[in-house]
Number of protein chains: 2
Amino acid sequence: MVKIVSYKDLVDKLTDIFCEYGYDGTSLTILSQNTGLGRASLYYHFPGGKEEMANAVYEKITRDFTKLVLSPLATDQNFQIKIKNMLEGINLFYNSGQRSCLLDVFAIGSTKDIFYSQIKNAALYWKDSLIKIIEDEGIDNNRAILLSEEIIISIEGALVFARATGDYESFNRTLENILLTITKNILN
Amino acid sequence: MVKIVSYKDLVDKLTDIFCEYGYDGTSLTILSQNTGLGRASLYYHFPGGKEEMANAVYEKITRDFTKLVLSPLATDQNFQIKIKNMLEGINLFYNSGQRSCLLDVFAIGSTKDIFYSQIKNAALYWKDSLIKIIEDEGIDNNRAILLSEEIIISIEGALVFARATGDYESFNRTLENILLTITKNILN
DNA sequence: AGTATATAATCGAACGATCGTTCTACTGGT
DNA sequence: ACCAGTAGAACGATCGTTCGATTATATACT
């Protein structure tokens with residue numbers, strides 16, 4: 001286990017845990033054991049308790065996602081490069097398919113009450129970003145919507161499938177398949 | 001709320017709850033409130049408690065999935081009809097995208113310890129069933145694997161996306177898109 | 001048909017365990 | 001001497017579970 005020596009390390013570790021166990025499944029005992037800090041010590045860093053920890057995780061995830069996945073889309077490179085860079089960012093962000101997506105695990109059950117609006121906005125923002133660059137290639141709106149949804153859905157589904165089967169290689173196959181499908185559909 | 005008058009009604013209701021809240025997020029209090037039965041009464045029907053209830057739900061889901069999704073694939077109709085019937089079964093099974101998949105919500109956190117092997121087998125059996133009928137169309141194994149995974153991944157991802165965004169219409173779009181993609185890839 | 005009996009099903013109350021949380025005291029470094 | 005950081009112990013609340021007693025339903029007998 002990586003020794004925790006800074007606040008950043010701590011949030012990183014919390015992120016791993018919340019992604020694996022979800023919100024309801026993550027107990028203070030689990031957090032304490034996996035970080036090496038006592039329950040009380042966790043409250044020193046996060047006076048707001050479990051919910052504040054989850055919020056810190058969500059913010060970290062948002063920053064990483066923006067940097068690794070969204071920012072490649074906002075450059076002025078050509079379409080194929082943008083998609084390719086996004087997919088590489090996806091692969092890093094989801095740790096080759098081994099890390100679950102918060103859009104999935106934080107949208108289940110009572111957790112919805114806390115995170116639903118943020119999750120909805122994040123998913124729609126991702127979708128809109130894709131629609132935009134696809135429309136820039138001269139694709140009409142309806143088709144751009146379908147293709148954007150197809151990309152996101154493939155990624156989310158690949159994470160679920162990999163987790164269910166334990167076959168994480170399928171995640172890589174899906175990323176390659178996305179690149180193939182999209183470039184074929186756009187650059188016909 | 002539908003009044004519960006039989007054991008079948010009870011399991012149906014439990015299924016709704018476990019699919020929505022996941023295993024960790026489903027408390028006996030929630031089960032009691034949503035079924036109208038006291039906690040002690042639930043133990044009369046399921047002496048094994050929460051885990052036995054979840055198992056009953058899993059078995060019910062397995063039966064429904066086999067009937068609605070897998071059995072259409074095992075007929076001797078032509079390929080396109082089989083896929084079309086499966087997709088109609090999918091739409092019923094997942095209630096037009098409004099019911100989460102147990103392959104997703106039961107594969108998170110501590111729930112894995114109970115259901116992982118069953119979930120893995122179910123996902124791989126579904127995949128193998130698809131591979132079989134695709135290979136019957138003369139497609140080579142590697143390509144059949146990719147297409148099969150693509151179908152399952154699209155469905156699982158569409159459920160996650162619909163739940164995250166609240167846009168359940170996207171689930172229908174995905175099912176139509178699957179039919180289109182597959183028939184285009186097979187019947188070239 | 002009406003009554004007695006047995007069984008099926010329900011519930012309230014309480015159990016120990018764990019939940020998230022708080023308090024107080026004790027480190028270790030500056 | 002100070003203070004950021006840690007941890008043990010305990011808090012009330014809720015967790016899943018069990019028990020005892022009560023009500024409803026069905027069966028049996030006269």
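Labels below follow one simple rule: chain letters A, B, ... track the order of the sequence lines, proteins then strands, and each chain is numbered from 1.
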Ring centroid separation B:F115 to B:Y58 under 6.0 Å: yes
Aromatic ring proximity A:F46/A:Y7, centre distance under 6.0 Å: yes
Short N-O contact, B:R163 and B:D104, less than 4.0 angstrom: yes
Salt bridge flag under 4.0 Å for residues B:D136 and B:K132: no
Side-chain N or O of A:H45 closer than 4.0 Å to phosphate OP1/OP2 of D:dT6: yes
Contact under 4.0 Å: B:Y43 side-chain N or O vs D:dT18 OP1/OP2: no
Touch class at under 4.0 angstrom, heavy-atom based, for B:S41 against every strand present: base
Touch class at under 4.0 angstrom, heavy-atom based, for A:T26 against every strand present: sugar-phosphate
Closest-nucleotide ordering on DNA chain D, the 5'-leading residue of B:Y23 and B:A40: B:Y23
Check: B:D24/B:S110 side-chain N/O donor and acceptor closer than 3.5 Å: yes
For atom CG of B:L37 and atom C1' of D:dA24, their distance in whole Å: 13 Å
Residue pair B:I83 / B:T183, side-chain heavy-atom distance below 4.5 Å: no
Position toward the 5' end of DNA chain C (nearest nucleotide), B:R39 or A:M53: B:R39
Span of DNA chain C, from the first to the last nucleotide whose atoms fall under 4.0 Å of chain A heavy atoms: C:dC19 to C:dC23
